[in-house]
Amino acid sequence: MTEPARRPLRPPVLIGALVALPLAALLFAMTEMNVGARGSLSSMALLISLLAVRFNWARLTSVAVLAFLTVLWVPVIIVHLDDGVSQAASYTLIGAVVFVVGAVLAFLAPSNLYYQQAADWRRSRKQRST
């Protein structure tokens, strides 16, 4: 009898990405609140980036949504830097840096390998149960 396959462990690189991406989404949400904007895109990005702990599609989607938020907010904050939005500018710029770090970490080889191994593990569990 063969021993059942063990669930793969998340590499530290992926753990860093799974912390950085929700943090970036939270910083963009703080920017929206600070400038009085009403938007649920950053809230959606936060939820999707939290789902990335389990789902590969969420990792891809959260990076895409956060990239859109970065492209949306960074130019706006830079243009209005002299209008007294320094706190919002700080949130945006820190969020953009954290997003870039998280996106790079999310797609490094160990992260991609983990999602592939996790999919194989789930597939083998389904085959074993039937």
side-chain hydrogen bond (donor to acceptor under 3.5 Å, both in side chains) contacts touching residues 15-24 (sequence neighbours left out):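 Those involving residues 15-24 do not exist here.
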Once side-chain contact (heavy atoms from CB on, under 4.5 Å) is applied, do any residues pair with [X], and if so which ones, sequence neighbours excluded?
X     : value
Ala20 : Val98
Met44 : Leu41, Ile48, Val65
Arg10 : Arg7, Leu14, Ile15, Leu18, Val53, Tyr114

Please list, one pair per line, the donor and acceptor atoms closer than 3.5 Å that link side chains of residues 100-110 to other protein atoms, with sequence neighbours excluded.
none

Heavy-atom check, side chain of Arg59 versus side chain of Ser111, under 4.5 Å: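 Yes, side chains in contact.
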Close side-chain approach of Phe99 to Leu23, heavy-atom, < 4.5 Å: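 No. Closest side-chain heavy atoms not under 4.5 Å.
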Remaining members of the apolar cluster that contains Met33, side-chain heavy atoms under 4.5 Å: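 Met33 shares its hydrophobic cluster with no other residue.
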Test ring pair (Phe, Tyr, Trp, His ring centres under 6.0 Å) applied to Trp57 - qualifying residues, sequence neighbours left out: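 By the ring pair (Phe, Tyr, Trp, His ring centres under 6.0 Å) rule, Trp57 matches Phe55.
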Nearest heavy atoms of Ser49 and Pro22, plus distance in Å: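 Smallest interatomic distance, heavy atoms only, reads OG-CA, 3.3 Å.
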Heavy-atom pair of closest approach, residues Ala45 and Ser62: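 Taking Ala45 first and Ser62 second, the nearest heavy atoms are O-CB, 4.4 Å.
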Distance in Å, [X] [atom1] paired with [Y] [atom2], rounded so as to fall on 0.5 Å steps:
X      : Y      : atom1 : atom2 : value
Ser40  : Leu47  : OG    : CG    : 11.0 Å
Ile77  : Leu93  : CD1   : CG    : 8.0 Å
Leu113 : Gln117 : CG    : CD    : 4.0 Å

Partner set under salt bridge (charged side-chain N to carboxylate O under 4.0 Å, His left out) for Arg122, not counting sequence neighbours: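 Per chain and number, Arg122 pairs via salt bridge (charged side-chain N to carboxylate O under 4.0 Å, His left out) with no residue.
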Just distance, no hydrogens or angles: give the donor-acceptor pairs under 3.5 Å from side chains in residues 66-75, sequence neighbours left out.
residue, atom, partner, partner atom, Å
Thr70, OG1, Leu66, O, 2.8

